[in-house]
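Order of the sequence lines sets the chain letters (A, B, ...), proteins ahead of strands, with each chain counted from 1.
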There are 2 protein chains.
Amino acid sequence: MTDRKFANTLARGLSVLRAFRVSDDGLTHAKIIERTGLSPATITRLTYTLKELGFLSQTGNLLRLGPAALALASVSNASTSFVDLADGAMQELATRTRTMALMAVRDGASMTLVRTWRPKGVASIWLEPGNRVPILRSSTGQAFLAGLNDGRFEAMSPDETSRGQRSEGQTQLSTLGFTFVRGSARYSKTVQAVARPFYASDLGEPVVFACGAMPDMLSDARILEEVGPALRDVVRDLEFKTGRPRGLDHVN
Amino acid sequence: MTDRKFANTLARGLSVLRAFRVSDDGLTHAKIIERTGLSPATITRLTYTLKELGFLSQTGNLLRLGPAALALASVSNASTSFVDLADGAMQELATRTRTMALMAVRDGASMTLVRTWRPKGVASIWLEPGNRVPILRSSTGQAFLAGLNDGRFEAMSPDETSRGQRSEGQTQLSTLGFTFVRGSARYSKTVQAVARPFYASDLGEPVVFACGAMPDMLSDARILEEVGPALRDVVRDLEFKTGRPRGLDHVN
DNA sequence: AAACGAATTTCGCATAGTGAAATGGGAGGA
DNA sequence: TCCTCCCATTTCACTATGCGAAATTCGTTT
């Protein structure tokens with residue numbers, strides 16, 4: 001790494017924080033080492049620092065996110081008000097379509113779930129905030145790529161696959177108003193999803209709203225006729241409420 | 001600073017993130033420099049790094065918390081479920097007592113508000129998540145100190161004032177079940193508050209629930225007879241729901 | 001006791017991060 | 001168009017900082 005501007009220690013420390021998932025009930029050093037690929041000595045130093053600052057707290061030798069993380073979280077949440085705005089409609093959408101609804105942001109080469117809404121009264125697949133989905137070959141990722149403006153997309157130095165997926169997504173968006181990866185091309189055999197990007201001006205990058213379910217619950221026909229249009233309408237309404245965002249002119 | 005274990009760059013980077021408040025509509029470098037006391041060159045490097053990682057996003061030369069912060073926030077929030085558990089009761093408490101209810105965590109020498117509940121249908125003082133209140137001479141701070149166990153308290157290398165405030169708080173907690181700083185000793189002439197610590201086992205440190213209002217709306221008598229007891233009962237109920245926490249045995 | 005696994009400390013070294021100062025760039029005025 | 005501020009950014013030389021391999025400590029299991 002020969003980027004004089006890039007603060008390595010900071011990046012490593014943050015990668016420690018990002019190693020935590022909702023489903024973890026505390027992490028040991030060993031687990032953090034595994035997830036971050038950093039050396040034991042480094043982890044000790046970084047976790048020591050993060051504990052001092054209140055970003056981590058320790059019980060025995062289990063680490064959890066600490067009070068400072070919570071404080072940051074509250075500011076971050078309150079500053080991105082559209083999430084709360086979307087809450088009611090997304091819950092309703094999940095229940096009505098019997099799918100898991102979700103909101104995701106990009107994190108490196110994955111999309112990280114930020115919020116999920118479970119349909120009331122039905123069993124469904126269930127992922128939690130902090131879970132990740134690859135960008136490549138997922139509907140959520142495709143929506144993200146399609147929503148990204150040219151400059152930012154090129155900045156990712158994308159390969160041919162990404163380019164293909166992006167333009168496929170853009171075509172679907174302009175004709176249908178939502179995007180999905182068809183069965184054979186999907187990264188996962190067990191989840192099928194529809195997605196639509198939302199350009200959050202606060203964040204400088206699109207986020208993605210999506211609905212997912214097991215493939216036998218969510219046929220291509222159901223996506224095209226029911227779930228896709230419903231999702232599209234919910235997100236369009238959100239765009240309307242927050243003011244039509246610039247940067248997504250090609251979206252229907 | 002001669003602590004070989006402490007990663008300075010990480011701490012500085014995090015102090016940049018902590019500089020953001022809900023009420024800020026984006027920060028310039030200049031503002032961040034002012035708040036953190038770091039040099040311009042350092043800020044450029046750190047913000048560059050944070051942008052690369054998605055923790056900040058930039059519009060013009062205004063910086064905001066970015067998608068990665070949101071992702072971290074969602075994990076952090078979901079991992080501290082007691083906040084959601086408390087939500088309904090705190091909202092109700094705010095409305096019933098016509099005070100602003102709040103939850104705060106420690107951040108250095110201050111308490112940072114994490115969540116606030118505004119009474120429905122009445123005007124009241126209003127602070128937002130991310131706002132800070134000093135530990136010294138505030139009811140919220142006093143509750144925190146009183147809730148802190150001896151080891152952690154000593155680790156703060158407290159002065160005599162803090163010790164006094166802590167034992168005052170502890171006395172109030174064991175007799176009344178809540179704590180407040182009386183008029184003359186308060187840090188602020190414009191806010192009066194009652195508080196009670198809650199020992200969040202997830203966080204390894206107490207958090208504080210409190211009710212605040214302008215002094216003429218919240219006399220000592222009202223605190224003692226109405227608001228204090230109501231707050232105490234709400235937090236006790238939360239303790240019950242989450243399992244009686246260890247570490248607060250002296251609290252009534 | 002012994003033998004493991006995990007976390008922490010030590011330590012010499014390369015370099016990453018630092019701040020002062022110089023440079024660049026954009027908005028506003030004349 | 002050309003100044004002039006005001007920020008943000010880059011440059012640069014220095015050294016404190018953060019690095020990892022290896023040694024050590026701490027706890028748990030056999």
Side-chain angles (χ1 to χ4, degrees), chain A residues 1-21 24-66 68 151-152 155 204 246, chain B residues 1-21 24-66 68 151-152 155 202 204:
Chain A
M1 180 87 47
T2 168
D3 188 348
R4 305 276 287 116
K5 286 185 296 186
F6 193 81
N8 231 311
T9 311
L10 174 54
R12 289 175 165 191
L14 291 169
S15 82
V16 170
L17 293 179
R18 278 195 303 203
F20 287 80
R21 313 284 152 81
D24 300 323
D25 194 41
L27 292 180
T28 62
H29 278 199
K31 198 78 186 162
I32 297 176
I33 289 164
E34 177 193 327
R35 291 201 184 160
T36 59
L38 298 169
S39 84
T42 303
I43 291 297
T44 298
R45 241 171 314 109
L46 295 178
T47 57
Y48 171 82
T49 306
L50 291 169
K51 278 188 298 188
E52 285 294 300
L53 299 172
F55 280 85
L56 292 180
S57 69
Q58 191 162 23
T59 326
N61 49 16
L62 278 183
L63 292 163
R64 304 162 182 285
L65 293 174
R152 282 182 173 273
R246 59 233 131 254
Chain B
M1 179 93 40
T2 169
D3 187 349
R4 305 278 285 117
K5 288 185 295 188
F6 193 81
N8 231 312
T9 310
L10 175 53
R12 291 175 164 191
L14 291 169
S15 82
V16 170
L17 293 180
R18 278 196 303 205
F20 287 79
R21 313 284 153 82
D24 300 323
D25 193 43
L27 293 180
T28 61
H29 278 199
K31 198 80 187 161
I32 297 175
I33 289 164
E34 176 192 327
R35 291 202 183 157
T36 58
L38 298 169
S39 83
T42 303
I43 291 298
T44 299
R45 236 169 322 105
L46 294 178
T47 57
Y48 171 82
T49 307
L50 291 168
K51 277 186 300 187
E52 284 295 299
L53 298 172
F55 279 85
L56 292 179
S57 68
Q58 191 162 24
T59 327
N61 49 17
L62 278 182
L63 292 164
R64 303 161 181 285
L65 293 174
R152 282 183 173 272
D202 289 347

So A:N8 and A:D3, side chain to side chain contact (heavy atoms under 4.5 Å, CB included) or not? Walk me through it. CA-CA 9 Å; A:N8 231 311; A:D3 188 348; over 6 Å; no
Between C:dA6 atom P and A:L62 atom CG, what is the distance in whole Å? 13 Å
Roughly how far, to the nearest 0.5 Å, is CD1 of A:I43 from OG of A:S15? 6.5 Å
Under a 4.0 Å heavy-atom cutoff, the residues of residues 29-40 of chain B touching DNA chain D are B:H29, B:A30, B:P40
Against the side chain of A:A41, the closest entry in C:dT9, C:dA16, D:dA8 is C:dT9
Value for CZ (A:R21) from CG (A:L65), rounded to nearest 0.5 Å, stands at 11.5 Å
Between C:dA6 atom P and A:N61 atom CG, what is the distance in whole Å? 10 Å
Given atom CG of B:N8 and atom C1' of D:dA16, what is their separation to the nearest angstrom? 10 Å
Could you write out each protein N or O paired with an N or O of nucleotides 25-30 of chain D at a distance under 3.5 Å?
none

Donor-acceptor pair present, B:R12 side chain and C:dG17 base, under 3.5 Å: no
If you define the side chain from C-beta out and look only at heavy atoms, does anything of B:L14 sit under 4.5 Å from A:L50? yes
With a 3.5 Å distance limit and no angle check, can you tell me whether A:T49 reaches the backbone of B:A7 through a side-chain donor-acceptor pair? yes
Between B:T28 and B:T9, which is nearer to the 5' end of DNA chain D once each is assigned its nearest nucleotide? B:T28
Per nearest nucleotide of DNA chain C, the residue lying toward the 5' end, A:A7 or B:K5, is B:K5
Output the rounded distance in Å from CG (B:L27) to P (D:dA8). 11 Å
For A:T44 and C:dT9, is the shortest distance between a side-chain N/O and OP1 or OP2 below 4.0 Å? no
Among the nucleotides C:dT9, D:dT10, C:dG17, which one has an atom lying closest to any side-chain atom of A:R4? C:dG17
Using whole Å, report how far CD1 of A:I43 lies from P of C:dT8. 11 Å
Please report, to 0.1 Å, the donor-acceptor pairs under 3.5 Å made by any side chain of residues 27-35 of chain B, with sequence neighbours excluded.
from  : atom 1 : to    : atom 2 : distance (Å)
B:T28 : OG1    : B:A30 : N      : 3.4
B:T28 : OG1    : B:K31 : N      : 3.2
B:H29 : NE2    : B:T47 : OG1    : 3.2
B:R35 : NH1    : B:A19 : O      : 2.6
B:R35 : NH1    : B:D24 : OD2    : 2.8
B:R35 : NH2    : B:D24 : OD1    : 3.1

Residues from residues 45-60 of chain B lying under 4.0 Å of DNA chain D - heavy atoms: none
Nearest-0.5 Å distance that lies between atom CG in A:L38 and atom CZ in A:R45: 10.0 Å
Using every non-hydrogen atom in the two residues, find where B:E52 and A:F6 come nearest and quote the distance to one decimal. CB-CE1, 3.8 Å
List the atom pairs, donor and acceptor, that lie under 3.5 Å between side-chain atoms in residues 53-63 of chain A and the rest of the protein, sequence neighbours left out.
from  : atom 1 : to     : atom 2 : distance (Å)
A:S57 : OG     : B:D202 : O      : 3.2
A:S57 : OG     : B:L203 : O      : 3.2
A:Q58 : OE1    : A:K51  : NZ     : 2.4

Starting at atom CG of A:L10, determine the distance to atom P of D:dG18, rounded to an integer number of angstrom. 11 Å
Using salt bridge (Lys or Arg N to Asp or Glu O under 4.0 Å) as the criterion, list what pairs up with A:R18, not counting sequence neighbours. A:D107
Is it the case that the side chain of B:R152 and the backbone of B:G204 share a donor-acceptor pair, with hydrogens and angles ignored and the cut-off at 3.5 Å? yes
